[in-house]
Amino acid sequence: MSEHVIDVPSSHLYPGLVLDAPAGAADFLVLFGDDSESRAQLLRDDTGRPVLRMGGYMTAKGTVVDERVWTVRETLQHGDRVRLRLGPSLP
């Protein structure tokens with residue numbers, strides 16, 4: 001299990017969502033608002049831009065969400081935290 005945890009208020013990720021993560025961490029456990037969870041990794045694409053790979057998971061209502069890679073539109077570091085604003089997911 002990852003030592004870094006990010007809380008997300010909803011049961012899904014979506015473009016524009018801001019994740020508040022520990023700065024310098026590349027591996028997270030994401031806890032969703034419905035108590036489901038998934039593992040995520042902050043990576044770089046071939047051009048060096050950040051992307052977030054979210055592992056597959058099942059929501060509390062039984063919806064299966066497949067693994068997906070999300071673009072990161074914006075990163076803003078504030079002290080020992082970094083805010084990641086998600087862009088669209090990649091096909």
Open item on the list: I need the His4 NE2 to Leu29 CG distance, nearest 0.5 Å.
Closed with: 11.5 Å

- [ ] Of all the heavy-atom pairs spanning Ala23 and Gly79, show the shortest one and how long it is.
- [x] CB-O, 4.4 Å

- [ ] Mind listing the closest non-hydrogen atom pair of Pro50 and Leu42 along with its distance?
- [x] CB-CD1, 4.2 Å

Task: Non-hydrogen atoms of Ala60 and Asp34 that approach each other most closely - done: N-OD2, 2.9 Å

Validation: residues 8-16 side-chain donor-acceptor distances under 3.5 Å, sequence neighbours left out:
| from | atom 1 | to | atom 2 | distance (Å) |
| --- | --- | --- | --- | --- |
| Ser10 | OG | His12 | O | 2.7 |

Open item on the list: Any heavy-atom pair between the side chains of Phe28 and Leu52 that's under 4.5 Å?
Closed with: yes

- [ ] Kindly work out whether a path of hydrophobic side-chain contacts (I/L/V/M/F/W/Y, heavy atoms less than 4.5 Å apart) joins Val69 to Leu43.
- [x] yes

Open item on the list: Can you tell me how far apart CG (Leu19) and CZ (Arg81) are? Round to the nearest 0.5 Å.
Closed with: 10.5 Å

- [ ] Please state whether the rings of Tyr57 and Phe32 are parallel, tilted or perpendicular, taking 30° and 60° as the class boundaries.
- [x] parallel

Open item on the list: Quick one: does any side-chain atom of Glu37 pair with a main-chain N or O of Arg39 as donor and acceptor, under 3.5 Å?
Closed with: no

- [ ] Would you confirm whether Ser38, through its side chain, and Val30, through its main-chain N or O, come within 3.5 Å as a donor-acceptor pair?
- [x] no

- [ ] Using the rule that two of Ile, Leu, Val, Met, Phe, Trp, Tyr join whenever any of their side-chain heavy atoms come within less than 4.5 Å, decide whether Val51 and Leu86 are in one cluster.
- [x] no

Task: Straight-line distance of Leu84 CG to Gln77 CD, nearest 0.5 Å - done: 10.0 Å

Task: Donor-acceptor contact below 3.5 Å, side chain Thr71 vs main chain Pro88 - done: yes

Task: Flag if over 12 foreign heavy atoms under 6.0 Å of CZ, Arg73 - done: yes

- [ ] For residues Asp27 and Ala40, report the shortest heavy-atom separation together with the two atoms involved.
- [x] OD1-O, 3.3 Å

